J.: 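Here it is, the structure, as structure tokens.
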Amino acid sequence: MEAVIFLVLYIPMASTMLKSAMDKPQAFSSFILFACLFSSTSALSDAEVSYIARRQLSALPEDGQLNLDIDKQVGINATFENQRLKRAYVALQALKRAVYSDPFNITGNWVGPHVCGYTRVFCAPALDDPNLNVVAGIDLNHDDIAGYLPVELGLLNDLALFHINSNRFCGIIPQALSKIVLMHEFDISNNRFVGPFPDVFLRWPAVKYIDIRFNDFEGEIPPEIFEKDIDALFLNDNRFTSTIPETIGKSVASIVTFANNKFKGCIPHSIGNMSNVNQLIFINNELSGCLPGEVGMLRNLTIFDVSMNSLTGTVPESFGGLESADVLDISHNKLSGVIPESVCKLTSLSILSFSHNYFSGEGSGCLRRDIEVEDGGNCLGSRPNQKSSEECEAEVKRAVDCSKDKCSKGSSTSKPPPAKEEEVILPPNMGSRYSSPPPPMFPGY
Ligand SMILES: *[C@@H]1O[C@H](CO)[C@@H](O)[C@H](O)[C@H]1NC(C)=O
Ligand SMILES: *[C@@H]1O[C@H](CO)[C@@H](O)[C@H](O)[C@H]1NC(C)=O
Ligand SMILES: *[C@@H]1O[C@H](CO)[C@@H](O)[C@H](O)[C@H]1NC(C)=O
Ligand SMILES: *[C@@H]1O[C@H](CO)[C@@H](O)[C@H](O)[C@H]1NC(C)=O
């Protein structure tokens, strides 16, 4: 099961591979090996990053939009199979010019009008006209390319798939990309992008898969993103600081990852209305308040991980409704009370971790041997490796009544305080279960 979490959080990949890996667990091992082969990215220095970002800025029109004469760009001598391929040519040449380093010479053959023959560029019949061949996909995953995204990419009106994960792209996501109205899968994970949550995502009518994890995006998540018909939204490992929008309850996504950001405030009660959710991953944020009982309504949820936050109060009895749960991890919070018997007895669990909290009791069913139960670092008198009685007594005095919790009437809508300009350094062992790179071999797979 841990391999799943490694994959979800730490090995950005093409969604198609993700989906097939999820359907076929035995595909994991070859997949991990594949991912490790590409771990030799030579990092950009900060000076190079700012150089590339400056190049993008100087090339960026003031309104961020694209206003250019295609024919002037191309020159009159070139002949193209159709007008759309001519536009694609302009876009791809602009992307090639925006590349600063291309160690595998991927763009080396991006020359001349036959764009469908360019490496990593995929053509297909146009959706609205099967007689026209158009550029439908660009897949530069793991190509170690450094550069930025030029506004001319907005000319790729037929592009449905854009994968550039595990490269060294920097700068911002240009507004002009909102013109790519067929965008379906957008994966820019594991690059060096900056700026606020790109609102071009909100303007793509058909987008299903958005993966922006492992970048430096910051600020708030617009509530509207959860009202879109998106299957998967990977936000983990950025610098987001907002509360979790109340609209999350309207989301039809099956996977949403918030891990390793600075999300704060409560987990909204509306979460119980997520209709298709399969994995919810909140690891290592600054979430507070009580666990909403509505989580127990998510009968198809397989992974619920809120470890390493500042949640308080007790575990709702209703969590016994998580009948599909494979991983339930509430460790490293400030939770207290007794782990309900209903949770201990969940039949589909393989990992139940509530270690490093202030729990003073656990249902007898939690002493089971058939799954991994982590209960250390609590106030469970008879169990090994517990907190000192002084520490436990002090916490009992601070006990939280979740019915009077500040979040009991929905999450706070007040603006979070302005982010402090300080470096956050995690304790070295924090989250080691997930954040260390995957070991080279996976015995058992
Ligand atoms: C058009 O011709 C000019 C001059 O011969 C050449 O430099 C340019 O690359 C040509 N354009 C294309 C798209 O082949
Ligand atoms: C890059 O690829 C192009 C086209 O395949 C080739 O002509 C060129 O010599 C290559 N450059 C390097 C540095 O290998
Ligand atoms: C969940 O959805 C139901 C039905 O649409 C609605 O009545 C309820 O208020 C929603 N719950 C929350 C907490 O948003
Ligand atoms: C769980 O998934 C099944 C099958 O996809 C679906 O029919 C059902 O409505 C889901 N249940 C909930 C509570 O989301």
Side-chain angles (χ1 to χ4, degrees), residues 38 40-42 48 78 88-89 91-123 135 138-147 164 167-168 221-230 233 242-254 256 258 263 265-278 280 282 287-301 304 306 311 313-323 402-414:
F38 289 89
S40 59
T41 299
S42 47
E48 285 172 308
Y89 169 83
L92 292 166
Q93 291 306 317
L95 179 55
K96 181 175 177 170
R97 283 194 304 275
V99 164
Y100 164 84
S101 159
D102 179 4
F104 302 128
N105 198 20
I106 302 295
T107 59
N109 74 351
W110 291 19
V111 176
H114 299 292
V115 295
C116 296
Y118 290 9
T119 301
R120 306 280 198 272
V121 173
F122 301 95
C123 291
V135 171
I138 297 175
D139 190 340
L140 298 169
N141 281 353
H142 299 284
D143 282 336
D144 201 18
I145 291 172
I164 57 165
N167 284 282
R168 295 171 291 152
I221 301 295
E224 297 83 6
I225 194 69
F226 293 110
E227 293 169 348
K228 291 187 70 71
D229 185 8
I230 291 176
L233 179 62
S242 61
T243 54
I244 310 282
E246 200 67 44
T247 49
I248 192 169
K250 297 183 182 168
S251 170
V252 294
S254 59
V256 187
F258 295 93
F263 285 104
C266 306
I267 299 176
H269 289 260
S270 61
I271 202 166
N273 277 354
M274 291 184 82
S275 47
N276 298 316
V277 76
N278 196 253
L280 275 173
F282 292 102
L287 298 171
S288 56
C290 290
L291 284 166
E294 289 82 355
V295 170
M297 293 158 62
L298 302 173
R299 309 216 179 270
N300 289 338
L301 193 62
F304 182 68
V306 291
L311 299 167
T314 53
V315 177
E317 182 75 38
S318 62
F319 272 41
L322 291 170
E323 55 194 39
C402 284
S403 67
K404 300 197 182 87
D405 183 48
K406 64 180 161 60
C407 302
S408 62
K409 294 195 178 60
S411 77
S412 149
T413 49
S414 61

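Keep in mind that this is a model prediction, so the values were computed, not measured. Order of appearance sets the numbers: ligands from 1, and atoms from 1 within every ligand. For reference, positions follow the sequence shown, starting with 1.
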J.: Considering only non-hydrogen protein atoms, determine which one is nearest to atom 5 (O) of ligand 2 and report residue, atom name and distance to 0.1 Å.
T.: Asn109 CB, 4.2 Å
J.: Can you name the closest pair of heavy atoms from Cys402 and Gly313 and give their distance?
T.: SG-CA, 3.5 Å
J.: Look up atom 3 (C) of ligand 3 and tell me if a protein heavy atom lies less than 4.0 Å from it?
T.: yes
J.: Could you tell me whether Asn105 and ligand 2 have an N or O pair separated by under 3.5 Å?
T.: yes
J.: Using 30° and 60° as the class boundaries, would you call the ring planes of Trp110 and Tyr118 parallel, tilted or perpendicular?
T.: parallel
J.: How close does the nearest protein non-hydrogen atom get to atom 9 (O) of ligand 3, and which residue and atom is it?
T.: Asn273 ND2, 4.8 Å
J.: Tell me: protein heavy atom nearest atom 14 (O) of ligand 3, and distance?
T.: Ser270 CB, 3.6 Å
J.: Specify the closest pair of heavy atoms between Val295 and Leu322, including all atoms of both residues, with the distance to one decimal.
T.: O-CD2, 3.3 Å
J.: Can you tell me how the ring of Phe258 sits relative to the ring of Phe282, calling it parallel under 30°, perpendicular over 60° and tilted otherwise?
T.: parallel
J.: Output yes when the distance from some N or O of ligand 3 to some N or O of His269 is under 3.5 Å, and no in every other case.
T.: no
J.: Of the options Thr119, Asp143, Asp102, which is the one that meets Thr107 in a side chain to side chain donor-acceptor pair (under 3.5 Å)?
T.: Asp102
